[in-house]
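To find a chain, count down the sequence lines: A is the first, B the second, and so on, and within it residues start at 1. Just so we're clear, the structure is a prediction, and the values are computed from it rather than from any experiment.
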There are 2 protein chains.
Amino acid sequence: MPSHTEENYLKAIYKLSEEQPGVEVSTNRIAEVLQTRPASVTDMLRRLGEKGLLHYERYRGVSLTHDGRRVALLTIRKHRLWEVFLVNKLGFNWDEVHEVAEEMEHLQSPLLMRRLDEFLSFPQLDPHGDPIPAEDGAIVRPQHRLVSDLQPGEEGTVMAVKNTSVPFLRYLDKAGLSLGAKIEVLDKIAFDNSLEIRINDNKVTLISHEISCNLFVAD
Amino acid sequence: MPSHTEENYLKAIYKLSEEQPGVEVSTNRIAEVLQTRPASVTDMLRRLGEKGLLHYERYRGVSLTHDGRRVALLTIRKHRLWEVFLVNKLGFNWDEVHEVAEEMEHLQSPLLMRRLDEFLSFPQLDPHGDPIPAEDGAIVRPQHRLVSDLQPGEEGTVMAVKNTSVPFLRYLDKAGLSLGAKIEVLDKIAFDNSLEIRINDNKVTLISHEISCNLFVAD
DNA sequence: CCAAAGTGCCCAGTCACACCGAGGAAAATT
DNA sequence: AATTTTCCTCGGTGTGACTGGGCACTTTGG
């Protein structure tokens, strides 16, 4: 049974390795996202390596084993299912759930998760549009593009967010850019890469590059 | 923020002090129910005393402070609300929930508990008939009697169980003695204190003293 | 191809938390 | 008052997680 901290490390490593597939994950990067020191990371990597959860060869970066990947995906599954529960059943807003789910994802009863999944009618996506891994770790890679990659004239529907920070989500709510909103790119300002967009065939707004590269759309 | 272990100690001390009101709780007794050694208990008592959660005077037994009582009651509140959730929403049987709730009771978000309480329509009792403390720690002492105290001729409705072990609850299910069942005491066997009872104006059964002193009824 | 820069490892240690055996002190029992 | 029971204190264990500093390895850019 993995400890809370171990689950957090594995989750972080999984996410980092998804960010740049093929590239091994670096110690410094892990330390950065987990807000800790590289020395602590090395320590944990050695332990996780000994437990067979990742391939750890000094100076070589790190990659998850089959088991490690499974633990990471199950943790993500728990996190996202609880997020769905919080939003759909308890009436939380999508900007309030991350911290709470961060705590709930460490609950260790598989039966609980199976029953919860059923209670939620087997959701495929969490409130931020991210796919929920199956019990066996299977996960569907969503087919969507960053808004920042759209060219003027292109359009799409908001499907997911890359960032789940409170200020970002609050901004989206305010701007009318929640999941499901239709976006049409009118113009791209070369100077700062900000975009002029039309939302739901209605309002025209300017969004910064910082925003557009944290928003996903699909056709 | 109390640790898991601290919450468990406080909960155990609260329950022991309820068992025999007025009597201070003894070190050995705590060690017994928490499955640990007296030396470990002394150690934890000192720490909890320093944190102002209980009155700890050596050799004098122990009693909770206002704060300690509050933490204990909040922990019990969380435990029981989650039990209601597991049974009413996720379809768990009342004999399956204890362990899972034991883990969930340590979640630390007050907002979560408030929303859960609302989602469950502010239940007053958990699936075993125990009262759920309010957010401020208020708890209503249920008015019920042990079946073992009933005399032949008396009757009542099953309101709660004292023991929540799987075998006991399974037995009750099988015997038709779930919450709400009507009981009528026909005879008391002086030899072993077992009782002959009629259930729901129907079947007549014999129940042992072991059973009857773990079952509560009210009129 | 080499040296500087950058990255990561290892050591030795810290800190917090929880636990425990042994021995003797205090309290309860008789 | 003597004996039994309770339980406190002391010193110590183990684990999990973190960390600074020094050095080893790798990468990079000339």
### Query
Parallel, tilted or perpendicular: which fits the ring planes of B:F119 and A:F85, with parallel below 30° and perpendicular above 60°?
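Perpendicular, since the angle between the ring planes exceeds 60°.
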Let me know the distance between [atom1] of [X] and [atom2] of [N], rounded to the nearest Å.
X: A:E6; N: D:dC18; atom1: CD; atom2: C1'; value: 14 Å
X: A:E57; N: D:dC25; atom1: CD; atom2: C1'; value: 13 Å
X: A:R58; N: D:dT26; atom1: CZ; atom2: P; value: 8 Å
X: B:L45; N: D:dT6; atom1: CG; atom2: P; value: 16 Å
X: A:L48; N: D:dC18; atom1: CG; atom2: C1'; value: 14 Å
X: B:R60; N: D:dC8; atom1: CZ; atom2: P; value: 11 Å
X: A:Y59; N: D:dA24; atom1: OH; atom2: C1'; value: 4 Å

### Query
What are the residues of residues 18-42 of chain A, sorted by number, that bring a heavy atom to within less than 4.0 Å of DNA chain C?
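Going residue by residue through residues 18-42 of chain A, the ones with a heavy atom under 4.0 Å of DNA chain C turn out to be A:S26, A:T27, A:N28, A:A39, A:T42.
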### Task
Name the nucleic acid region contacted by B:R47, choosing base, sugar-phosphate or nothing; use a 4.0 angstrom heavy-atom cut-off, strictly under.
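Since a base atom lies under 4.0 Å of B:R47, the category is base.
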### Query
Does any pair with a residue in residues 58-71 of chain A pass salt bridge (charged side-chain N to carboxylate O under 4.0 Å, His left out), and if so which ones, sequence neighbours excluded?
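For residues 58-71 of chain A, and leaving out neighbouring residues, there are no salt bridge (charged side-chain N to carboxylate O under 4.0 Å, His left out) pairs at all.
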### Message
What is the first contacted nucleotide of DNA chain C and what is the last, in 5' to 3' order, if contact means an atom lying under 4.0 angstrom from a heavy atom of chain A?
### Response
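Both ends considered, the range comes out as C:dT7 to C:dC10.
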### Query
Under the criterion ring-ring contact (aromatic ring centres under 6.0 Å, His included), which of B:H98, B:H128, B:H106 is the partner of B:H79?
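Only one of B:H98, B:H128, B:H106 forms a ring-ring contact (aromatic ring centres under 6.0 Å, His included) with B:H79, namely B:H98.
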SB check [X] [Y] (cutoff 4.0 Å):
X: A:R114; Y: A:E118; answer: no
X: B:E83; Y: B:R80; answer: no
X: B:E102; Y: B:K11; answer: yes

### Task
Check A:L146 against A:N214 and note the closest heavy-atom contact, atom names and distance.
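Looking at all heavy atoms of both residues, the shortest contact is CD2-N, 4.4 Å.
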### Query
Looking only at atom types and distance, does a side-chain atom of B:Q35 sit under 3.5 Å from a main-chain N or O of B:V33, one as donor and one as acceptor?
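Not confirmed, B:Q35 side chain does not pair with B:V33 backbone.
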